[in-house]
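Below you'll find the structure, written out as structure tokens, and then a few comments.
Residue numbering restarts at 1 for every chain, and letters A, B, ... go by the order of the sequence lines.
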Amino acid sequence: MPATRVTIALNARQSQKAPLLISASATADPAAANSIRGLVFKTAQSKLRLKKPARVYVSPAGQELLTEEDWKKNIKLDVTLLISAGEDYVGVKKEDNTHEDANVTCPVEILASKAPIESLSVTQLTTTAHTLPGIVHAVGQPDLHPGTKFPIGAVFASRNWIHPPLIGSDIGCGMAWYKTILPRSQVDGNKGKKVAEKLRGLEGAWRTRAYREAWLENDDGSCSVGEQWDSALGTIGAGNHFAEIQVVEESCPTKDGRQGLYEDGVILLVHSGSRGYGGSILKKYTTDSHTSFEESSHEAIEYMKEHDKACQWAQANRDLIALRFLACLEPGNEDWQLGSSDTDGTGEVDAAMIERAKGTLQQRKVVDIWHNNVERVRWPPSPLSSMKEEVASSSPTAEGTDSFTPNDMHQQEYLYVHRKGAAPTYDPHTQQPLDLLPLPGSRGTPTLILKPTFSASMSWGLKNALSLAHGAGRAMSQAKALSSLSQKYKGQNILEPRPADAGGTWVICDEKDLVFEEAPDAYKDVEAVGQDLVDAGVASIVGRCRARVSYKVRNEAR
DNA sequence: ATGTAC
């Protein structure tokens with residue numbers, strides 16, 4: 001006997017609905033243990049978030065299902081059941097996809113001219129901006145590309161509404177740069193291969209549960225989220241995540257001299273997120289039909305708490321990945337000893353060792369940003385305090401635009417800036433502009449060092465929604481890259497530099513699909529993406545780095 | 001992206 005597919009919806013709000021398969025083994029008798037009624041109520045609780053389902057009506061007839069006969073007669077393919085918390089049948093409302101808080105005139109900006117933009121991603125950007133409740137500004141960065149439903153490389157600022165799907169499952173994903181003390185002579189050319197060989201023992205869990213929990217302690221307490229997810233702490237993950245040893249090939253110190261990257265320096269770029277935890281949060285709080293929360297709702301508050309925890313966890317994860325890499329790269333440094341597996345043998349957590357490693361790591365850290373998160377910000381952006389000087393000296397013509405002056409501060413409100421693959425232009429903690437941030441290419445292609453711009457002409461960050469591109473952006477879907485690039489490079493090893501290319505990258509990737517899915521050809525030209533940011537007046541390119549060793553995944557058994 | 005969901 002096949003299962004029967006029906007739709008259940010809230011009687012009070014019929015736009016909120018969910019599909020339900022009723023197996024043939026469920027019985028019509030509402031009093032039975034395996035009743036259809038029980039199944040419907042359970043689904044209404046989990047998918048429609050109706051705490052106490054009480055009555056069921058058939059739509060559009062409005063008949064209430066009470067007796068076994070009622071259930072038997074009415075459970076048929078594609079019927080819609082309206083679930084009530086006790087209230088009477090409210091009748092059929094006209095199907096209306098537009099939310100009353102949707103903003104059909106929401107401005108949508110795409111900061112690209114040189115970088116190719118697929119039309120599907122523009123449709124996704126515009127549709128999202130115009131249909132989700134509360135969106136007041138949407139920006140497509142030059143790395144914009146289509147996602148399953150929502151675009152990647154996009155920023156959405158909303159009033160009152162929080163939309164977890166716009167951040168996605170990898171909450172807290174981002175990038176951090178750390179300095180190493182290696183001279184470039186140790187990573188250039190064929191030396192890169194030797195360095196790649198040293199990168200071992202990085203797959204799988206790091207040390208013990210007790211060590212992981214100790215690593216997750218921070219100033220605000222603990223960001224441990226339970227062993228189920230904590231066990232992945234210190235691992236890079238799959239997809240576009242990586243850790244990369246790079247050489248700074250050009251670098252222009254910024255005028256305040258705080259530039260943290262020096263020419264010929266060897267640095268480590270870590271791109272990873274919250275592993276399984278972020279996805280579990282998205283799943284826990286959203287259903288197919290319930291994806292947006294008003295800021296004061298209980299769900300929004302609980303979601304934000306877990307979101308913030310995932311961001312902390314992801315940051316601790318990047319730090320631990322860096323520690324594990326540094327233990328391989330600088331074996332003489334005792335501060336990194338903690339990064340390797342526990343060879344002391346005692347198994348006891350050495351708190352002093354953790355403190356020392358964290359301290360030294362923070363000294364090495366140049367920048368760490370989240371590019372998948374939601375942040376509450378004052379809007380419209382005002383000249384940040386460090387920018388006062390430039391405000392004072394800005395020309396009177398610029399004042400005539402929609403730019404903001406400190407006098408207008410009281411007109412600001414708080415909005416939620418949702419970033420899905422978009423880097424912030426400032427440090428959310430200090431509220432100061434970032435000196436630099438990475439715009440990674442892919443493997444052999446350069447990573448640009450960006451410096452965000454703040455000026456009256458881009459309305460102090462309104463134009464780019466206080467954000468920049470987070471990478472080159474996909475030019476091909478994973479499926480397309482896999483099929484076309486595995487053909488193109490058939491019989492070739494694209495994980496080593498070509499013999500003529502001394503400046504190339506040694507790639508560690510023991511997953512054969514990933515080799516092609518993440519090949520440079522699958523991405524846009526990072527120089528075009530960077531130039532679009534410059535042309536839009538939102539960033540300058542202050543330097544370039546090149547990867548020497550790019551670590552994706554290693555099969556240790558090999 | 002992911003201790004995926006079907």
ask   = With sequence neighbours left out, what residues match Asp220(A) under side chain to side chain contact (heavy atoms under 4.5 Å, CB included)?
value = Asn218(A)
request  = Check every strand shown and say whether Gly279(A) touches a base, only sugar-phosphate, or nothing at a heavy-atom separation below 4.0 Å.
outcome  = nothing
request  = Hey, which sits more toward the 5' end of DNA chain B by its nearest nucleotide, Leu21(A) or Glu227(A)?
outcome  = Glu227(A)
Atom pairs and distances, donor-acceptor, side-chain atoms in residues 366-373 of chain A, under 3.5 Å, two or more places apart:
from, atom 1, to, atom 2, distance (Å)
Asp368(A), OD1, Arg318(A), NE, 3.0
Asp368(A), OD1, Arg318(A), NH2, 3.1
Asp368(A), OD2, Lys365(A), NZ, 2.9
Trp370(A), NE1, Cys311(A), O, 3.0
His371(A), NE2, His271(A), NE2, 3.3
Asn372(A), OD1, Gly421(A), N, 2.9
Asn372(A), ND2, Asp170(A), O, 3.2

query = Relative to the ring of Tyr303(A), is the ring of His307(A) parallel (under 30°), tilted (30 to 60°) or perpendicular (over 60°)?
reply = tilted
inquiry  = Donor-acceptor check, side chain of Glu203(A) to backbone of Arg554(A), threshold 3.5 angstrom: yes or no?
reply    = yes
inquiry  = For a quick check of understanding: with a heavy-atom distance under 4.0 Å over all strands, which category does Ser280(A) fall into, base, sugar-phosphate or nothing?
reply    = nothing
For chain A, the stretch of DNA chain B it reaches, first to last nucleotide, under 4.0 Å of its heavy atoms = dA1(B) to dA5(B)
query = Relative to each other, are the rings of His163(A) and His418(A) parallel, tilted or perpendicular (30° and 60° limits)?
reply = tilted
